[in-house]
Amino acid sequence: MITVIPGDGIGPEVTGEALLLLDHLDLGIEVDVLDHVNASRFLESGVALSDGDLDRVRSSTATLLGAVGDPRVTDPEYARGVLLRLRFELDLYVNYRPAVLFHDRLSPLRDPARRQIDALIIRENTEGLYAGIGGALRQYTDHEVAVDAEVNTYHGVKRVIDYAFSVARRGVCMVDKSNAVQHGGRLWQRVWKAAAAQHPELATSHLYVDAAAMKLVSDPTAFDVIVTNNSYGDILSDLAAELAGGIGTAASANINGDTGYGLYEPVHGSAPDIAGSGRANPVGAVLTLALLIERLGFAAEAAGIRKAVQSVIDAVRVTPDLGGTLSTSEAGAAIRAAL
Ligand code: NAD
Ligand code: IPM
Ligand code: MN
């Protein structure tokens, strides 16, 4: 049994296509859909994710999530209450975000030699600026103070760097801002150097985050695995996704590297600007489903999904963001037909 949280905006539209594909594959995986976890319920009752919802997630083998976020909700307690609660309480300490370019024409990069992108961002997912430690003083006055502490623990930094090495194919690049952010910077540097010394078989490098953003644009082919903290990983993964064909194609997995439990979600959000218009690209959600079933042991079927996505992209049987004319449901049907 897997849990499905469609969420808000285009979330239900794209997860709907992923679920039709799962049905089509006929793998015998049952689904438990929590379609009451959304912004409307939060606005009505103040409940983001209830303890009962969390119990259903805990008793499943994996969770597929569409997106959470709604322009009517400005309170960060909503996203924190659903997405970050799941990441933190299930200790999903790795955010695994591949950036793979399926077709040359989808890259915004001018130089064809720079378009062979096959990178993987390993984002620390349970601490950093997202930890929720901080507070405010003298609110609503000219002397207001607002503090969000960036939390870095030895345990948290070590396990995510070790995970990055465990999935590297060619090399690992660690990204931080240790030239300016001193305490966390020193911790990341020390743990990084010790781990790198244990992996002479892999190419290791380090970049400050500003230079990493520049290098991702000037030559994304230089990267295999990038390991970084929570907020830099958030930003660099949208950048990498856009370089590799667009945010609508990017998949991700939030994983506990020890238990193997995963929360799978496309990198994109609820896209309120296109919600309900039929223009949402289902590819990110479909490739996210591929990551999920792969982790459940269906590697051949996951490869089949990626091949089907490759063929619809080659044939331009896709949504407008990828240069096609199909609606969300037509693009989903094209993927199923290609399969
Ligand atoms: P977004 O990713 O939702 O949208 C950014 C841009 O990309 C928009 O122009 C949108 O139309 C486009 N886009 C995104 N997904 C697309 C798809 N599948 N097909 C075609 N175009 C697509 O980011 P945002 O606008 O910053 O955030 C909107 C809401 O989503 C906010 O509430 C935000 O907090 C939330 N959010 C949630 C998640 C998540 O649940 N994992 C992730 C990111 C943002
Ligand atoms: C993501 C999203 C979330 C994040 C938001 C919605 C809290 O942008 O999954 O990348 O910043 O982690
Ligand atoms: Mn993000």
Side-chain angles (χ1 to χ4, degrees), residues 4-18 37-40 42-43 48-49 63-88 92-97 99 106 121-132 148 228-242 245-255 263-288 309 313 318-332 335:
V4 178
I5 302 177
D8 304 303
I10 66 168
E13 302 169 29
V14 298
T15 41
E17 294 309 316
V37 177
N38 57 45
S40 297
F42 180 74
L43 286 168
L49 186 86
T63 293
L64 177 68
L65 182 140
V68 289
D70 184 301
R72 293 172 298 162
V73 179
T74 49
D75 185 353
E77 277 312 309
Y78 175 53
R80 293 193 67 83
V82 181
L83 195 57
L84 302 193
R85 182 170 187 202
L86 288 167
R87 288 177 182 168
F88 291 4
L92 307 174
Y93 63 84
V94 172
N95 196 322
Y96 180 103
R97 299 193 151 176
L106 299 180
I121 295 182
I122 299 295
R123 162 186 178 189
E124 200 293 319
N125 215 28
T126 52
E127 43 191 50
L129 273 178
Y130 285 62
D148 295 275
T228 190
N229 72 16
N230 209 337
S231 42
Y232 300 151
D234 179 42
I235 298 164
L236 294 182
S237 59
D238 265 33
L239 174 57
E242 200 57 23
I247 190 85
T249 66
S252 83
N254 304 260
I255 306 164
L263 164 71
Y264 297 78
E265 46 154 358
V267 174
H268 66 70
S270 57
D273 54 335
I274 58 165
S277 71
R279 274 156 56 216
N281 187 350
V283 167
V286 160
L287 292 175
T288 296
V309 166
I313 289 176
V318 289
T319 46
D321 57 310
L322 299 186
T325 55
L326 301 190
S327 66
T328 307
S329 55
E330 289 166 344
I335 296 168

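Every number for a ligand or one of its atoms is a count from 1 in the order of the listing.
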- [ ] Answer side chain, backbone, both or neither: which part of Arg80 comes under 4.0 Å from ligand 2, heavy atoms only.
- [x] neither
Task: Contact partition for His268 relative to ligand 2, non-hydrogen atoms under 4.0 Å - done: neither
Task: Passing option when Glu265 is tested against Thr15, Thr288, Asn254 for side-chain hydrogen bond (donor to acceptor under 3.5 Å, both in side chains) - done: Asn254
Open item on the list: Name the residue from Arg97, Glu242, Arg123 that meets the side-chain hydrogen bond (donor to acceptor under 3.5 Å, both in side chains) definition with Ser237.
Closed with: Arg97
- [ ] Given side chain to side chain donor-acceptor pair (under 3.5 Å), test Asp234 with Tyr130 step by step and report yes or no.
- [x] CA-CA 11 Å; Asp234 179 42; Tyr130 285 62; 3.2 Å; yes
TODO: Kindly say whether Tyr232 contributes a backbone atom to a donor-acceptor pair with the side chain of Asn229 at under 3.5 angstrom?
DONE: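 Present.
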Open item on the list: Would Leu86 and Leu65 count as a side chain to side chain contact (heavy atoms under 4.5 Å, CB included) here? Give the steps.
Closed with: CA-CA 11 Å; Leu86 288 167; Leu65 182 140; 4.3 Å; yes
Open item on the list: Checking side-chain polar atoms at under 3.5 Å, does Asn38 have a donor or acceptor matched by the opposite partner on Asp8?
Closed with: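 Judged by distance alone, the side chains do not pair up.
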Open item on the list: If we count only N and O atoms by modelled type, under 3.5 Å, do the side chains of Glu124 and Thr126 hold a donor and an acceptor together?
Closed with: yes
TODO: Calculate, to the nearest 0.5 Å, the distance between atoms CD1 and CD1 belonging to Ile274 and Ile10 respectively.
DONE: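 Here the interatomic distance stands at 5.0 Å.
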Task: Atoms in ligand 2 flagged as close to Glu265, the criterion being non-hydrogen separation under 4.0 Å - done: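 Per the distance check, 9 (O).
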Return the closest protein heavy atom for [atom] as residue, atom name and distance.
| atom | answer |
| --- | --- |
| atom 6 (C) of ligand 2 | Leu83 CD2, 4.0 Å |
| atom 9 (O) of ligand 2 | Arg87 NH2, 2.8 Å |
| atom 11 (O) of ligand 2 | Tyr130 OH, 2.6 Å |
| atom 1 (C) of ligand 2 | Arg97 NH2, 3.4 Å |

- [ ] Check Asp234 and report its N/O/S atom nearest to the Mn ion (ligand 3), by atom name.
- [x] OD1
Task: Any Arg123 heavy atom less than 4.0 Å from ligand 2 - done: yes
Task: Shell of residues surrounding ligand 1, defined by a 4.0 angstrom heavy-atom cut-off that is strict - done: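 These residues qualify: Ile10, Ala67, Val68, Gly69, Asp70, Leu83, Ile247, Gly248, Glu265, Val267, His268, Gly269, Ser270, Ala271, Pro272, Asp273, Ile274, Ala280, Asn281, Asp321.
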Task: Atom CZ of Arg87 with >12 non-hydrogen neighbours under 6.0 angstrom - done: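 Above 12, so yes.
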Task: Metal proximity, Asp238 vs the Mn ion (ligand 3), N/O/S cut-off 2.8 Å - done: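 No, since none of the N, O or S atoms of Asp238 sits under 2.8 Å from the Mn ion (ligand 3).
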